[in-house]
Amino acid sequence: MKKHLVVLSGAGISAESGVPTFRDADGLWMGYDIQEVASIEGWRKDPQKVLDFYNMRRKEASKVAPNRAHQIIAELESKFRVTVITQNVDNLHEKAGSSNVVHLHGELFKMHSELCTDTSAPGALQEIYTDIHLGDLAADGGQLRPFIVWFGEMVPLLPHAMEVVSTADLFIVVGTSLQVYPAAGLIHYAPVEARKFIVDIHPPAVPAHQNYRVIAGEATAGMEEVARLLLN
Ligand code: OAD
């Protein structure tokens, strides 16, 4: 049976595709107040501003291509059973060919009714590749909103992600500052005996007893190194 390889990715894996990260110097939040555009309070206060922000991000994301780091993860499916848990709302893992991607923080190219309380229910999500406008209504009469897990909202896929991480034989953390909880807490569910790697230009601290192989560098070069170590 194939070993289970679990990847936890963040904005840093998409940086070389031209998607800005959140907390680096040229981070996306420059000029934007996180609370205004990425929180449930912000949505209630000014939905037009929030829709404009995600419409812009959707447009940008539709123009970018996966990079070698995304591709390597997809290619590792030939050798391992791979589950990607990503905090990213772009679809670059899927575009690279990964077949099992858990989007913890939602997806830019999906939307749902603001009245929806369970985004995992069948039919709750609709695909969207253009703009969402104020006044665009779902079948239940609710305003359509981006499928983004905002600050102040539950992370519906968290229990599933915990379960996935806890069954990892191999665990790769790539391009995340591990600053945002509960996603950052997932690293504590990796089995002690799993083989672990962390790839980041500025690797965040991870528990010493977990024996991570720390690879400091860009995601593409770092993932080449991980693949070399895993396949040889
Ligand atoms: P951050 O912007 O917090 O962290 C990006 C990480 O990527 C940092 O550790 C950087 O050092 C690293 N990095 C930058 N460029 C890199 C490169 N070329 N190669 C490798 N690593 C690189 O992004 P996240 O950790 O993903 O949530 O942020 C987590 C969440 O915070 C996001 O999902 C988002 C945000 O608020 C929501 O939108 C709900």
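Start at 1 and go down the list; that is how both ligands and their atoms are numbered. The basis for the numbers below is simple: all heavy atoms, side chains too, and nothing from hydrogens, waters or symmetry mates.
- Where the criterion is an N or O separation shorter than 3.5 Å, residue side chain and backbone included, S177 meets it with respect to ligand 1.
- For D131, the salt bridge (Lys or Arg N to Asp or Glu O under 4.0 Å) test picks out K59, with sequence neighbours left out.
- Of the candidates G10, A184, A11, A11 brings a heavy atom nearest to atom 23 (O) of ligand 1.
- Near T21, with a cut-off below 4.0 Å to any heavy atom, the atoms of ligand 1 are 2 (O), 14 (C).
- With distances taken over non-hydrogen atoms, the option nearest atom 7 (O) of ligand 1 out of A69, S9, G12 is G12.
- Residue G217 places a heavy atom under 4.0 Å from ligand 1.
- Shown in contact with F151 at under 4.0 Å from a heavy atom are these atoms of ligand 1, numbered in order with element: 36 (O).
- Counted within 6.0 Å of OH on Y189, heavy atoms from surrounding residues, nucleotides or ligands total 12 or fewer; the atom is thus considered open.
- The two residues V165 and I85 have their closest heavy-atom pair at CG2-CD1, 3.6 Å.
- Cluster membership for L104 and V89, using ILVMFWY side-chain heavy atoms within less than 4.5 angstrom, is not shared.
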Under 3.5 Å, which donor-acceptor pairs do the side chains of residues 146-156 form with other protein atoms, sequence neighbours left out?
from : atom 1 : to   : atom 2 : distance (Å)
W150 : NE1    : Y54  : OH     : 3.1
E153 : OE1    : R145 : NH2    : 3.2
E153 : OE1    : W150 : N      : 2.8
E153 : OE2    : R145 : NH1    : 2.8

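- Taking every non-hydrogen atom of Q87 and a distance limit under 4.0 Å, the qualifying atoms of ligand 1 come out as 29 (C), 33 (O).
- Using a 4.0 angstrom heavy-atom cutoff, G175 counts as in contact with ligand 1.
- Where the criterion is an N or O separation shorter than 3.5 Å, residue side chain and backbone included, I148 fails it with respect to ligand 1.
- Shortest non-hydrogen contact noted between Q143 and G135 is OE1-N, 2.7 Å.
- Distances below 4.0 Å separate heavy atoms of E16 from the following atoms of ligand 1: 18 (N).
- In this model, a donor atom of one side chain and an acceptor atom of the other lie less than 3.5 Å apart for H4 and T167.
- Within the listing of ligand 1, atoms 39 (C) sit less than 4.0 angstrom from a heavy atom of V149.
- Comparing heavy-atom distances from atom 34 (C) of ligand 1 across W150, Y181, F22 singles out F22 as nearest.
- Look at E41 and R44 and you find no salt bridge, because none of the NZ, NE, NH1 or NH2 atoms lies under 4.0 Å from a carboxylate O.
- Geometrically, ligand 1 and T176 share a nitrogen or oxygen pair separated by less than 3.5 Å.
- Sparse packing is recorded around NZ of K3, with 12 or fewer heavy atoms of other residues, nucleotides or ligands lying under 6.0 Å away.
- In E218, the parts holding a heavy atom less than 4.0 Å from any atom of ligand 1 are both the side chain and the backbone.
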